[in-house]
Structures are given as structure tokens and as C-alpha cells.
Amino acid sequence: MKVLIHQTPERAVRCVADILVKRLDLQPDTVLGLATGGTMEAVYARLIKAYRGGHVSFDRARSFNLDEYIGLPPDHPCSYWRYMEDRLFDHVDFGAGATCLPRGDAADPEAEAAAYERAIARSGDIGLQLLGLGANGHIGFNEPSSSLSSLTRIKTLTRSTRAANARFFDDPDDVPRLAITMGIGTILRAEEIVLLGFGEGKAEAAAAMIEGPVSASCPASALQLHDKVTVVLDQAAASRLKLREYYELVHPGGGDAVITPFQPAA
Ligand code: GLP
């Protein structure tokens, strides 16, 4: 796990946006795994800026979002489909039909989840998966106790997750109780994973994810099993890491590792 600790949330956001831009430059037809939540808003704003400046294009890329609330149709103001349209899709050049989310209003949500999983596999799986981090350690909507090899399916949201997401709804009671989410096994099939977390509220989950045991109690800890994960944090989110000094030694200021060959004394 590469742990990059930045001085400010803004720098952490810039770092993640740069990773995406670089990946699309190297492989324009990358299959992106996209995330929602407050954390991603600034990342998408930077990507739009990069697109407008001619630094990135999405016209050959495809995307699959992590999750969607069950019961909300795509045009519902609080659906993740709408979130993605408003914050990214309507402002960049993805081709028609290149962006996918599960349908929250599917008549048969279980069949919808299974079809979504098959569509991801048919696309060759995710090339670069973007993740946020729930304060309880969830990724996507894989709440604590999720199977570490789970596939896309229906999950019941915890009370704390519903409370955390209530700010996006007019009434806290309107937050759906169920969601369709990519599974942890689905996420782990991605070629490369980038997780972004900032703020004190993510510090405990970040420590459990990076330094705790691999356990369903902290779904994000499953990322320890993946060989290409970059975790990008700000100072506050990194504040409970026991090995923080080591991560900062390897990646000063959240930058690339400095690898200088050993020079034996003459
Ligand atoms: C939601 C999403 C997650 C996201 C998490 C963190 O529950 N399903 O994908 O990572 O919230 O949200 P925020 O970025 O708002 O803290």
C-alpha cells in the first residue's frame, strides 16, 4: 500500500486528480471505477478544470460507479446518477452510453445487481478504481461485516452511514435504507485502486484500513490484499497512523518515493 500524506486536503485532491489524468493519458480507453460522496466533489471539479484546459479527455474511457440507492430513479435529485451528471458527466466528453451506474429503481434489484456485476466483468474489469472512505471503514456501500470476496449485491445501510449521508437529503428520513453496491471482491479485481480521505472524521477508519488487521469489521482493510493501492490522505486523516513518520519518510510531502542507489564509501 502506497500511503501519501499531504499537507492540505486541496493537495490531496490535486494528487488524486493528477493520478486520473495521467492514467487517461497513458491509456485513454481506461475503464474507470467512480465514487460519490463529499470527498469526490473537489476531485471532479479539478477533472472538469483539466478537461476545459485541454489536459484530459474522457471520450474513449468508460466508467462504472460503485453504488446507487435502491428506490431512487436516475432523475431523483439525491440519486448518485444525478450526482455524477451534475458533478462530472455533464461537463466532460464521455461518449454516449459510456457511463454506468446500477438502476436504483430496477423492478428486480437483485437481478440488476447481478447484471451490473456481469457488465463490469464483460468490460474487462475496472482499470482504475477511485474510492472514498466511510467513517466506519466502508468502501462503496460495503458496510462492516461485508464478505471480503463479495460481488455486486444489495446491502442494508447502517444507521451511521444514513446519518452521514443525510446532509444530501431534505429530510434525514428520506435517506434510503438499501443500496446496490459493487462488492469488495469486485473492487479488488480492479487493476489499480486510489482511495482518498481527508479530515479528522476519517482518521480512525484510515488507521484501521492501513494498519489494522484485514477484517470484515473494517471493509477497507481488504485493500491490504491488493498489490496496487494508493491511499491519499491529508494531515488530519493521517493523524492516527502509528507508522506515519515512515510513510512520510518514503513519500516526503506525499510525493514520489525518492530512490537513490546505495553509494558505498570509497
Ligand atoms: C458514501 C459512498 C461511499 C463514500 C462514502 C464517504 O457512503 N457510498 O462511496 O466513499 O460515502 O463519503 P464522504 O466522501 O461524503 O465522506
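From a predicted model like this one, the values you see are computed outputs, not experimental measurements. Remember, it's 1-based here, ligands and their atoms both numbered in the order they're listed. Residues: numbered from 1 along the sequence shown.
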> How does Tyr80 reach ligand 1, by side chain, by backbone, by both or by neither, if only non-hydrogen atoms under 4.0 Å count?
Replying inline: side chain

> Heavy atom under 4.0 Å from ligand 1: found in Arg167's side chain, backbone, both, or neither?
Replying inline: side chain

> How close does the nearest protein non-hydrogen atom get to atom 14 (O) of ligand 1, and which residue and atom is it?
Replying inline: Thr39 OG1, 2.4 Å

> Between Ala35 and Tyr83, which heavy-atom pair has the shortest distance, and what is it?
Replying inline: O-CE2, 4.3 Å

>> Applying side chain to side chain donor-acceptor pair (under 3.5 Å) to Glu143 and Asn136, what does each step give before you reach the verdict?
In response: CA-CA 8 Å; Glu143 298 284 35; Asn136 64 359; 3.0 Å; yes

> Is it true that Arg23 and Glu192 have a side-chain N and a carboxylate O under 4.0 angstrom from each other?
Replying inline: yes

> Given that the side chain starts at C-beta and the backbone is N, CA, C, O, which of these parts of Asp67 lies under 4.0 Å from ligand 1, counting heavy atoms, or is it both or neither?
Replying inline: side chain

> Can you get from Met182 to Leu196 by hopping between Ile, Leu, Val, Met, Phe, Trp and Tyr side chains that sit under 4.5 Å apart?
Replying inline: no

> How close does the nearest protein non-hydrogen atom get to atom 4 (C) of ligand 1, and which residue and atom is it?
Replying inline: Thr36 O, 4.0 Å

> Of all heavy-atom pairs between Ala106 and Pro109, which one has the smallest distance, and what is that distance?
Replying inline: O-CD, 3.8 Å

> Should you measure from each heavy atom of Phe141, which atoms of ligand 1 turn up under 4.0 Å away?
Replying inline: 1 (C), 7 (O), 8 (N)

> Just which atoms of ligand 1 are under 4.0 Å from any heavy atom in Leu133?
Replying inline: 6 (C), 10 (O)

> Ring centroid separation for Phe89 and Phe58, is it under 6.0 angstrom?
Replying inline: no

> Can the ring centroids of Tyr69 and Phe169 be said to lie less than 6.0 angstrom from one another?
Replying inline: yes

> atom 9 (O) of ligand 1: which of Ala135, Gly201, Gly37, Gly140 has the nearest heavy atom?
Replying inline: Gly140

> Which part of His138 is near ligand 1, with near meaning a heavy atom under 4.0 Å away: side chain, backbone, both or neither?
Replying inline: side chain

> Are side-chain heavy atoms of Leu32 and Ile126 found at a separation under 4.5 Å?
Replying inline: no

> For atom 15 (O) of ligand 1, which of Ala35, Gly132, Gly38 has the closest heavy atom?
Replying inline: Gly38

> Is Asn165 close to ligand 1, meaning an N/O of one under 3.5 Å from an N/O of the other?
Replying inline: yes

> In the protein, what heavy atom is nearest to atom 16 (O) of ligand 1, and what distance, to one decimal place, separates them?
Replying inline: Lys202 NZ, 2.7 Å

